[in-house]
Amino acid sequence: MFEKAIRETKAYYCLECGICTGSCPVSRLNPQYSPRIMVERALLDDDETMLSEREVWDCLTCGTCSARCPSTVDFNEFTRAMRIGARESGFEGVDTHAGILRALMELEARRRGRRDISWVADDLRVSSRGKVLFFTGCLPYYGVVFSELGVDTVGMANSTIRLMNACGVRPVVSRDERCCGHDLYWTGDRDSFKKLARKNLKMIEESGARTVVFACPECYAMFSQIYPKFVGKIGFDMMHISEFLVSHVESGRLSFGEKESRVTYQDPCRLGRFLGVYEEPRALLGSVPGLELAEMPRVRSEALCCGSSAWVGCTRINKSIQLERLSEAADTGATTLVTSCPKCNIHLSCAAKDKDTDGGIEISFLTDVLSDALAGGTES
Amino acid sequence: MTSIGTNGRVGVFLCECGEEIAPVVDLTKLSAKIGGADMPVSVHVTRYWCSGAGRRLLAGTIEKEGLDAVVVAGCSERILGPLMRDTAVRAGVNWNRTVLVNLKEHCANVHGGKRAAATAKALRLVWAGVEKALRAEKLEPIVSDVNRSAAVIGGGISGLTVARSLAARDIPVTLIEREAELGGTLRSINRLFPSYCNSAEYVREVAAEASGDPNVEMWTSSRVTGVAGHAGDFRLTVESADSSRELSVGCVVLATGADVLVPDGLFEYGDNPKVVTQLEFEAMLREGLGTAKRIVMIQCVGSRNEERPYCSRVCCTATVKNTITVLEQVPNAEITVLTRGFAQYVGDLDRARSAGVTFLRYDPERPPEVGVDTVEVFDVISSEEVAVRYDLVVLATPLVAYDETVELAGLLGVPSDRHGFIAEPHTKLRPGRFAPRGVFIVGSAHWPATVTECQSQAYSATARAAELLSSDVIEREPVVAAVDELTCRGCGECAEACAHDAVVMRDSDDGIKTASIDTVRCVGCGVCTQVCPSSAVMLRHLTPGQLLAMVSATAGRR
Amino acid sequence: MAAARGNPRILAFVCSWHPMAAADNAGADGRSYGTATAIVPVDCAGVVSAAAILRAFSSDVDGVLIAACGSGDCHYSNGNESCERVVQETRDLMGLAGLAPQRLRLDLSSDVDGGRFVALLDEFAVELAGLNGRAGRERPAPSRSAGKKPAKASKAKATARKKPAKAKRAATKKTATGKRTSRKKSVAAGKKPAKASKAKAAARKKPAARAKRKR
């Protein structure tokens, strides 16, 4: 059943060294879960029984194992192939938040309807056509679903636009945008993912944009790494907001005012291990006068995942990972943990919410921190 | 991981329902479509699956085809759900894998004359049922031990009678009375109809007998403030002035009686000291009437009106009983009773008439007027204005529900009516049977009742309670939430959302709390499932996967 | 697809208590409603998830009705209140996704009259027909900013953002049509069809102890 997946993910080359399982943040807490054993079982044609097991849904797709694998087996894609197989055999993961997020993604894939963008703050400048497009992703929706966590994802989208405005760019925010399909892709719903990808590419074409800027690393990774596999070459440039802003800081167009604080930085899996963007967010934080960056022990390609992915199977194991990361962050002495992925922000905030011991660390989004520094400082 | 579990075979049983469904829904076409689909189903059609022959055929088909899920597409779940489910369960199908689809009230009845559209819709409804059945887990009933004991709430004549007769069957009873003294309303009554015995003495004797029974424990000056659990295993929270304790019993008898309306502002009551209620009059009769000779009694004061349209049933008999007592004490007394006509049986009416009591009938549109020393009334029978001189006016006021009884009914899950009384769903067809198992309502809490009626109801409740308590175990459908402890993140949102205190948060080895469900308290409402961030808690009898599949099928999604 | 005017596709989640009695009575009394209206029976409105509602919309229905018991009458204590919160959240999401929030209606009533149930469906069908065609094609959306949920706002943590004002945008913000309608924030639970005069049961009050709630 997995012939193709085994071939494409290079599972054949598995040396059974176990470095994957040793690297896996889930395996360390849940001995039931082992990437190595899953690959072995697939090779031994035990795939049919595997499909019904809950371990199919345990992988965070953080990519730590593949980054260390001597045979460069693509375990993420292997997991995705298993999930597609599981779905086809009638097994599903447990959708978190009573399935509301999956339902939203399906809705965007299947229905017509133009998004409401009245959440864009009044003082910001956006347009419906133009050279640069800001892909907002699911930020507006998360604002409804996660308001109780105190995570203001609408604020994140607005601070991103504010920073772009400060660079003299009036981005396109399109009402025809759709979810990027990241979570459906990684949970094995190929059909809906493809529908979303096609709608998004059409939307960008119609907007006239040459450059698409992402605040969410998941959207960025989907567009730049996954879409081309299904639709061929992409005809526009793509960059994360940190990459976009760094170029403007370097050109002197963007600068920040004084902001005394000690922060630490969470490398998102997508932005880091997937896309190799490690330095730009750090450079931006470094360009804020008075802002001190205290690094956690595990950073860049070694960074610990925020513990959950794709709104599926978020368990006490995931929470343990999150609590571990939060205490690592607190140990740096920083007052703020800065993330550049909205989902890292949501997941870590969720774990921090009912943490008995006071972790005491605030969790902030990169563009919010920068936008605050902007407001307190330079004219743009 | 959620299993869709498409293995297993579903029997779809389409019902013609005589002339109800078949003329509107094309069952031939429907069964062809269902049978022709690529699904593990078999289709069967008959005239009435609910008939004896139909049920035998259903059971036979289940056994012959080895079906492990059943969809009966006929009439309302509310009407035939229990019967069809019972039939399927007896034939070996798990109750949770028996699904009813309503093709009658929800399709044929409302789409008459639109055969094609109704048939197309019926197909979608049946598929929704099939999807639900395919995804339904086999759920075993929750079996719990029956606590062979009873709580009786209320120490009036009803409660005392129940306590005494349950105790006589060797069933331990705890009687909870909010007053310090037992006896209830009968303590304030002079004599009882029909024996004319001393009421207070009588009830004191009954109370003494009950109290002396080793099987009866009396908790006086106590109130029930919380109820959890179900038939066989109820947990009551009982509070008294200085303590709060939990009482575990197998069944609960509610016998809290009713209050007597105080007719403030009616017929000069409260302003004129010569106007009293029948209840106050009872006390006067006990003390001796004194000089009062001319007595006017007014019936239906505060009842059979817009606010309280009901007849309180017991007042006319009480009034007539009191006229006879008056005439025994003061043989030359002049008694006039103003009625609105009798709506109920009234004892000793003839005896009172022949003893010289005058009965006049008044019109509620022209009620009697109480003056300084006369009552003026328009007598409907003679069509004359009559003025009756009086020394005393006695008002018969109705029984009204105690607020506390309404609250208790809520705690016990029995609906009370808008007057606060608690009648069973089918007063005539299934008297004494209340919706929640193990809960019985006796006496005037149920509806205004005479002492004789209270006692009959008490014996009836005793028999039913004893029947329940005679089993060692009780089974019930597991309509409760379940937590996947491996998934639970211990955030406690569920515990906060639960209105029934059914979620227990425990400490675990990994330092993260774990929620678990107290199935005694859980009512299976599913409110917790809406707030759980990790979807760790769900209703196993209606899983998210089932609901989504039902929605898709009903909407005709391909 | 066929026009949605006369016979809009309505999916009705019907609670098994009072509302199901009303739905059954509608049939037993020989009343009629559109053949594109179909009932999904649920134990209690409290089990209807936002996911189930959105699934209905992604399955191309024009409107979703949730029929719940009247306030204070929930057999399970607070299933109907819980449903109100779910409905509010779902409507907020629908608005953002370009689906008119009026396409989701919650009816809280303990009236078991079949006539009232049919009147409710009829009125909803008329409202749906008035929404500029099929779902997803309606005119642009509501003006209230996202992330501001009245139903939950009280619980939102103070730690959130420092500039909540940024998230807001006045109702005058230009859009494709230049016009916008302001969204009603109520769940419209109180909306009653014209014929619903005898809401007798709704007047009945429930014991306070049943309504015991922590929040």
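In what follows, chains carry the letters A, B, and so on, assigned in the order in which the sequence lines appear, proteins first and then strands, with residues in each chain numbered from 1. For clarity, every value in this text was computed on a predicted model and none was experimentally measured.
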Under a 4.0 Å N-O cut-off, is there an ion pair linking B:Arg557 with C:Asp60? no
Separation of [Y] [atom2] from [X] [atom1] (nearest 0.5 Å):
X        : Y        : atom1 : atom2 : answer
C:Met20  : B:Asn102 : CE    : CG    : 7.5 Å
C:Glu89  : B:Gln530 : CD    : CD    : 9.0 Å
B:Asn109 : C:Ser32  : CG    : OG    : 11.0 Å

Need one label for [X]: side chain, backbone, both or neither, based on atoms under 4.5 Å from any heavy atom in chain B.
X       : result
C:Val47 : both
C:Thr37 : backbone
C:Val48 : backbone
C:Ser59 : both
C:Ile39 : both

Is there a side-chain contact between C:Arg55 and B:Ser552, using heavy atoms and a 4.5 Å cut-off? yes
Are the side chains of B:Val523 and C:His75 in touch, meaning some heavy atoms are under 4.5 Å apart? no
Nearest atoms (heavy-atom pairs only) where [X] meets [Y]:
X        : Y        : result
C:Asn78  : B:Ala497 : ND2-O, 3.5 Å
B:Leu548 : C:Ala52  : CD2-CA, 3.6 Å
C:Asp24  : B:Glu105 : O-CG, 3.2 Å
B:Arg78  : C:Ala21  : NH2-CB, 3.3 Å

Can C:Glu81 and B:Val527 be said to form a side chain to side chain contact (heavy atoms under 4.5 Å, CB included), step by step? CA-CA 9 Å; C:Glu81 290 169 29; B:Val527 167; over 6 Å; no
B:Ile79 versus chain C, heavy atoms under 4.5 Å apart: side chain, backbone, both or neither? neither
Proximal component of B:Leu542, with respect to chain C [non-hydrogen, under 4.5 Å]: side chain
Side chain B:His106, main chain C:Ala38, donor-acceptor under 3.5 Å: no
Please confirm whether the ring centroid of C:Tyr76 lies under 6.0 Å from the ring centroid of B:His500. no
Can you tell me which of B:Cys525, B:Gly526, B:Ala553 forms the most heavy-atom pairs within a distance under 4.5 Å of chain C? B:Cys525
